[in-house]
Enquirer: 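Structure in structure tokens, see below.
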Number of protein chains: 2
Amino acid sequence: MTRFALTVEFDGRPFMGWQRQDHGPSVQQAIEEAAFAVTGERASVQAAGRTDAGVHALAMRAHIDIDKPIAAFRLMEALNARVRPNPVAILDCAEVADDWHARFSCVARHYEYRISTRRAPLTWEKGLAWRVIPPLDAGLMAQGAARLVGRHDFTTFRSVHCQADSPLRTLDRLDVVQDGERISVFASARSFLHHQVRSMVGCLVLVGQGRWSPDDMRAALEARDRAALGLNAPSDGLFFLRADYP
Amino acid sequence: MTRFALTVEFDGRPFMGWQRQDHGPSVQQAIEEAAFAVTGERASVQAAGRTDAGVHALAMRAHIDIDKPIAAFRLMEALNARVRPNPVAILDCAEVADDWHARFSCVARHYEYRISTRRAPLTWEKGLAWRVIPPLDAGLMAQGAARLVGRHDFTTFRSVHCQADSPLRTLDRLDVVQDGERISVFASARSFLHHQVRSMVGCLVLVGQGRWSPDDMRAALEARDRAALGLNAPSDGLFFLRADYP
């Protein structure tokens with residue numbers, strides 16, 4: 001048995017999310033079926049994070065165990081050939097130690113949330129960004145974001161379906177970057193709660209619209225109550241950027 | 001009657017091209033039907049260029065004549081609301097003189113052709129770039145491109161269906177720009193022949209692959225024979241960038 005680490009890009013629009021579901025297509029299923037076509041083995045693919053329906057990835061990390069002898073490059077090429085026509089691409093494939101685990105070995109996860117503030121509807125970017133009608137003040141959003149950085153109880157920003165044992169998380173980075181009509185929110189942490197990034201971004205948009213003050217972000221955080229959430233951003237704009245390993 | 005100049009972005013993937021067709025959807029039809037829904041008028045929309053099926057636009061220019069009194073901003077907003085769910089966006093709308101013509105007043109047209117040289121298949125960029133398996137030498141492509149700049153008979157690089165009176169065109173710019181795995185070819189001219197950009201790019205890829213020398217581009221040009229064409233690039237990577245007016 002050889003364990004391979006995969007770097008995976010995917011367009012989340014047609015998928016119910018990363019994880020296998022009974023009721024629709026998933027990225028995990030697409031890769032596992034491609035692996036079966038290549039190796040004849042029913043191997044399970046484990047990812048650094050379980051993304052929601054409609055969420056995208058630039059460089060998700062995952063691992064898969066294969067019994068059949070196969071070189072990493074050959075496996076990557078064969079998976080890419082077989083995963084079609086799903087919008088999934090294996091960007092890198094490398095042999096790793098048997099105890100390397102895409103999820104449990106991961107020490108940091110990085111997301112980008114893309115907001116488009118143009119008036120006109122999106123064309124090719126539809127489903128790849130959240131269009132918010134301007135004006136949206138990125139400076140105010142940055143002030144609001146600063147209130148959330150650090151170790152906190154993020155119950156307010158956590159889905160009621162979240163299965164994590166604790167609502168405590170350490171948010172290492174929550175930066176708001178404007179480039180013309182694009183506002184991106186970059187979030188980094190060892191791990192995130194379910195819907196945490198989307199919930200933080202939704203409230204930051206309220207701040208950018210002037211409906212919340214930057215201090216209202218702190219008040220929402222301190223409420224430790226999902227009912228204090230202002231707005232949950234749609235999945236469209238969320239991209240899993242990368243995962244870090246020791 | 002008021003003439004409005006429109007700036008239009010569109011994702012060409014679902015369309016048979018700009019121009020109205022009996023056998024499938026077109027960008028022109030999508031905008032004309034939106035205009036009818038807004039004004040009740042059967043107005044014709046004229047564009048700076050007639051793009052092929054699958055070709056995209058970042059800022060196509062067009063004009064439309066409307067009898068009903070309506071402000072330019074209001075017309076833009078209403079067209080954007082009614083053109084849905086087509087991937088078409090009116091980015092700008094302005095009143096112009098009655099003799100301003102999107103096609104005949106245009107003095108320069110600019111295109112970008114996007115090539116992706118990564119090994120992995122494209123995900124969200126599928127249909128928005130031409131994926132060419134590396135290696136592809138952008139430096140050689142630039143040398144080949146330089147052979148085509150200037151006033152020439154472009155018969156070799158012209159579709160047999162081209163309806164232009166003359167195969168003579170003045171190519172003002174044909175630049176090859178590399179940024180990581182992306183190679184873009186930028187083409188500028190007062191006007192282009194049918195398939196000219198795609199035909200030039202197709203042959204430049206042969207040069208980049210080492211199958212043609214840069215001088216083979218000149219030989220193909222001087223042959224003035226469509227049979228001398230090496231390769232016609234697919235429509236996927238072609239973007240109408242902008243049109244210039246005096």
Enquirer: Ignoring hydrogens, what is the shortest heavy-atom contact between Pro121(B) and Ala89(A)? Give both atom names and the distance.
Expert: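 That would be O-CB, 3.3 Å.
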Enquirer: Specify the closest pair of heavy atoms between Thr123(B) and Phe10(A), including all atoms of both residues, with the distance to one decimal.
Expert: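 Closest approach of Thr123(B) to Phe10(A): CG2-CA, 4.2 Å.
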Enquirer: Below 4.5 Å, heavy-atom pairs only: which of Glu77(B), Met76(B), His56(B) has the largest tally toward chain A?
Expert: Glu77(B)
Enquirer: Return yes when atom CZ of Arg74(A) has more than 12 non-hydrogen atoms of other residues, nucleotides or ligands closer than 6.0 Å, and no otherwise.
Expert: no
Enquirer: Quick check for you: to the nearest 0.5 Å, what is the distance between Glu9(B) atom CD and Glu125(A) atom CD?
Expert: 8.5 Å
Enquirer: Please round to the nearest 0.5 Å and tell me the distance separating atom CG of Asn80(A) and atom CZ of Arg118(B).
Expert: 8.5 Å
Enquirer: Can you confirm whether more than 12 heavy atoms, excluding those of Arg82(B), are under 6.0 Å from its CZ atom?
Expert: no
Enquirer: Specify the closest pair of heavy atoms between Trp124(A) and Leu128(B), including all atoms of both residues, with the distance to one decimal.
Expert: CB-CD1, 3.9 Å
Enquirer: Let's test your reading of the structure: which of Leu79(A), Leu58(A), Ile90(A) forms the most heavy-atom pairs below 4.5 Å with chain B?
Expert: Leu58(A)
Enquirer: Search all heavy atoms of Lys126(B) against all heavy atoms of Pro85(A) and return the closest pair with its distance.
Expert: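 Of all heavy-atom pairs spanning Lys126(B) and Pro85(A), the closest is NZ-O, 4.4 Å.
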